[in-house]
Amino acid sequence: LSELTDTRFTGALDAADEPLTVGEFLEEGRVYFEPGESPHPLLAGVGELVAVTDSTASIWAVTGDDVGPGAPLFIERSSGLPAGWTRARGDGHVLLFAAGSLFSNRALGEGDNARLLSNVLRWHLAGTGRVIFDDLHQGLSELYDPAAFYSDRRVGASVLFLLGFWFLYMIGTQNRMLPYVSEAAAPSQAEFVRAMGGFFARKLTAMDAGRLALAQFRGRLARRGVIGADEDDLGGLEGHPLLAAEDVQALRACERSLSAGSSVDLQQLHNCLRRINEALG
């Protein structure tokens, strides 16, 4: 924009040095413009111009060290800043509007936008002139024509280059042609414990597992001196000052069930034994 119009712009600030903006964040809004003080033929019959914005829009102004593009055609209503100019350029001139949506499809019917466009064509188009719209961004250029695309010799050259690069990549490293072999990872301690637990779970019944857990528990208590080495009954734990009465009662109930040949809840038994071991230290 600066190269085409020899004009430099910067974001306008208010009295508190805050950026001047119009519109609401992420909401469609309107920006209004009014003719400037100096009348111009392009603004004949134009009283108000309306631009459309899809979010908050900044207001830009000519920089202070710039000569400026001359008297403005129109100004932005909320700030009073110039927003439209006409500038000489070579054998012609450039119309510089601060809003890019004045002539868009959804804004052309707003305000006097259509009147401004009509004035532009009336004052700049001779009787034998033509109006050319740049439809490149709308996908109507021959660059998007499939026939023109595939007939371009550069397409074939690009495909051959990619195939050649892929071939060099494949033969450039020896192991590219070898089958993939995954590296064997040593099992962790947790995986070993999980595997052994699964093995015993398949071989032992719940009653046998409960009896084995109680036998190991009695052995630990005997080694600590909590019960005698030849004691099979856990009744000696009742009234122990470090143990919760409900844990001892639950353990005794499991012991009686296993002695009678009945199965027990192994998870409940395990949790009970764990709490007693933690209490005894």
Side-chain angles (χ1 to χ4, degrees), residues 1-140:
L1 181 63
S2 298
E3 183 177 348
L4 287 174
T5 64
D6 298 325
T7 306
R8 295 187 298 274
F9 294 86
T10 186
L13 303 177
D14 59 15
D17 290 337
E18 295 293 332
L20 279 176
T21 59
V22 291
E24 299 293 336
F25 180 67
L26 295 182
E27 292 185 7
E28 181 179 289
R30 299 290 188 271
V31 185
Y32 298 94
F33 302 92
E34 298 175 350
E37 296 181 357
S38 301
H40 194 281
L42 290 178
L43 297 181
V46 175
E48 179 185 69
L49 299 173
V50 183
V52 182
T53 174
D54 291 317
S55 186
T56 303
S58 300
I59 296 180
W60 292 74
V62 179
T63 55
D65 58 348
D66 202 324
V67 177
L73 298 178
F74 48 86
I75 60 175
E76 197 274 323
R77 178 183 295 174
S78 64
S79 64
L81 290 174
W85 304 266
T86 175
R87 300 217 64 178
R89 185 70 175 178
D91 294 334
H93 58 274
V94 177
L95 296 178
L96 177 58
F97 298 156
S101 63
L102 287 177
F103 298 151
S104 62
N105 288 340
R106 60 174 173 171
L108 190 58
E110 299 283 346
D112 297 318
N113 296 7
R115 172 63 63 183
L116 176 61
L117 177 59
S118 175
N119 292 342
V120 170
L121 297 180
R122 180 184 300 112
W123 284 98
H124 297 88
L125 191 64
T128 58
R130 295 292 184 271
V131 178
I132 300 176
F133 290 95
D134 180 11
D135 287 331
L136 176 63
H137 300 91
Q138 307 299 325
L140 301 179

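Start at 1 with the first residue, then count along the sequence. Both backbone and side-chain heavy atoms feed into the values below; hydrogens, waters and symmetry mates do not.
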Can you tell me how far the OG1 atom of Thr86 sits from the CG atom of Leu96, to the nearest 0.5 Å? 9.0 Å
Nearest atoms (heavy-atom pairs only) where Trp85 meets Pro72: CD1-CA, 3.8 Å
Please report the interatomic distance CG(Leu81) to CD1(Ile75), rounded to the nearest 0.5 Å. 8.5 Å
Can you see which heavy atom on Asn119 is nearest to which on Ala44, and at what distance? ND2-O, 2.9 Å
Over 60° means perpendicular and under 30° means parallel, so tell me whether Phe74 and Phe97 are parallel, tilted or perpendicular. tilted
If every non-hydrogen atom of Arg30 is compared with every non-hydrogen atom of Glu28, which pair is closest and at what distance? NH1-OE2, 3.2 Å
Closest non-hydrogen atom pair between Leu42 and Leu116, with its separation: O-CD1, 3.4 Å
How close do Leu102 and Asn113 get, counting heavy atoms only, and between which atoms? O-ND2, 3.1 Å
Keeping Arg130 on the side-chain end and Thr128 on the backbone end, is there a donor-acceptor pair under 3.5 Å? yes
Taking atom CZ of Arg115 as the centre, does the number of heavy atoms from other residues, nucleotides or ligands within less than 6.0 Å exceed 12? no
Give the minimum heavy-atom separation between Val50 and Ala107, together with the two atoms involved. O-CB, 4.1 Å
Could you state the interatomic distance from CD (Glu76) to CH2 (Trp60), rounded to the nearest 0.5 Å? 15.0 Å
Can you measure from CD (Glu34) to CG (Leu73) and round to the nearest 0.5 angstrom? 14.5 Å
